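Written below as C-alpha cells is the structure these notes are about.
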Amino acid sequence: MKILVIDGPNINMLGIRRPETYGTTSMETIHERLRVLANELGCQINFFQSNHEGQIVDQIQKSYEVYNYLLINAAAYTHTSIAIRDAIEAVSIPTIEVHLSNIHAREPFRHISMLASVCRGQICGFGYLGYEMALRVAVSELKESNL
Ligand code: DQA
C-alpha cells in the first residue's frame with residue numbers, strides 16, 4: 001500500500017499563513033503526524049509539495065503504477081486547474097481531495113472544485129485532521145476492496 005500526499009501552492013506556508021483560517025500547524029508537522037499514522041496503519045507514505053501547476057501534473061503522471069492512492073490538497077489550483085483534474089483522471093489512481101478550511105463556507109470562488117468530479121470524495125473544514133481522516137479512509141478502502 002503506497003500512498004502519496006500532494007500539497008499545492010502555499011501549503012508550505014502553513015503556520016505563518018492566515019492561522020485563523022488554516023491553523024498554526026506547519027506542513028512539516030502535518031507530514032510528521034501522517035508518517036506516524038501511516039506506520040500504525042501499515043502503509044507506505046510519501047509527500048510532494050509544489051507551488052507550480054505543471055510540477056503537480058508531472059508528479060501525478062509519475063505516480064501511475066507507483067502509488068495505490070493519492071491524497072491531494074491542490075490549494076488554489078483546486079478552483080482553477082483542469083490540467084490537474086485531467087491528470088488525476090488519466091492515471092485512474094483513487095484520490096481524496098483534502099482542504100484544511102471549509103471551502104464551501106468561504107468566498108464564492110472557493111466553492112467550485114475542478115477536482116471533485118474525479119476524486120473519490122472531499123474532506124474539508126477540519127484542519128490538519130482532514131489529512132489524517134483521508135489517510136484512514138484510503139487505507140480502509142485499499143484493505144477492503146483491493147482498489
Ligand atoms: C485550501 C483552500 C483553498 O481555497 C486555498 O486556496 C488554499 C488552501 C485549504 O486547504 O483550505 O490554499 O486548499
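All ligand and atom numbering here is 1-based and tracks the order in the structure. Keep in mind the model is a prediction, meaning the values are calculated, not measured. Numbers here simply count residues along the sequence, with the first being 1. Reckoned from all heavy atoms, side chains included, excluding hydrogens, waters and symmetry mates.
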> Taking only residues two or more places apart in sequence or in another chain, which ones pass salt bridge (Lys or Arg N to Asp or Glu O under 4.0 Å) with R33?
Replying inline: E132
>> Through direct or indirect side-chain contacts below 4.5 angstrom among Ile, Leu, Val, Met, Phe, Trp and Tyr, which residues connect to I16?
In response: M13
> Any side-chain heavy atom of I30 within less than 4.5 Å of one from L100?
Replying inline: yes
> Quick one: does ligand 1 sit under 4.0 Å from the side chain of I103, the backbone, both or neither, non-hydrogen atoms only?
Replying inline: side chain
> Considering the options I84, I96, L4, which one meets the side-chain contact (heavy atoms from CB on, under 4.5 Å) requirement together with I72?
Replying inline: I84
> Taking both backbone and side-chain atoms of S101, is any N or O found less than 3.5 Å from an N or O belonging to ligand 1?
Replying inline: yes
> Which residue and non-hydrogen atom of the protein lie closest to atom 1 (C) of ligand 1, and at what distance in Å?
Replying inline: H99 ND1, 3.7 Å
> Would you call the rings of H79 and F109 parallel, tilted or perpendicular if under 30° counts as parallel and over 60° as perpendicular?
Replying inline: perpendicular
> With only distance considered, is I11 within less than 3.5 Å of ligand 1 through an N or O on each side?
Replying inline: no
> Heavy atom of T78 under 4.0 Å from ligand 1?
Replying inline: no
> Does the side chain of Q122 reach to within under 4.5 Å of the side chain of S113, using non-hydrogen atoms?
Replying inline: yes
> For ligand 1, does R110 get within less than 4.0 Å through its side chain, its backbone, both, or neither, judged by non-hydrogen atoms?
Replying inline: side chain
> Can you tell me which residue and heavy atom of the protein come closest to atom 3 (C) of ligand 1, and the distance to 0.1 Å?
Replying inline: H79 NE2, 3.5 Å
>> Can you tell me which portion of N73 lies within the under-4.0 Å heavy-atom range of ligand 1? Options are side chain, backbone, both, or neither.
In response: side chain
> Under a 4.0 Å heavy-atom limit, does R17 contact ligand 1 with its side chain, its backbone, both, or neither?
Replying inline: side chain
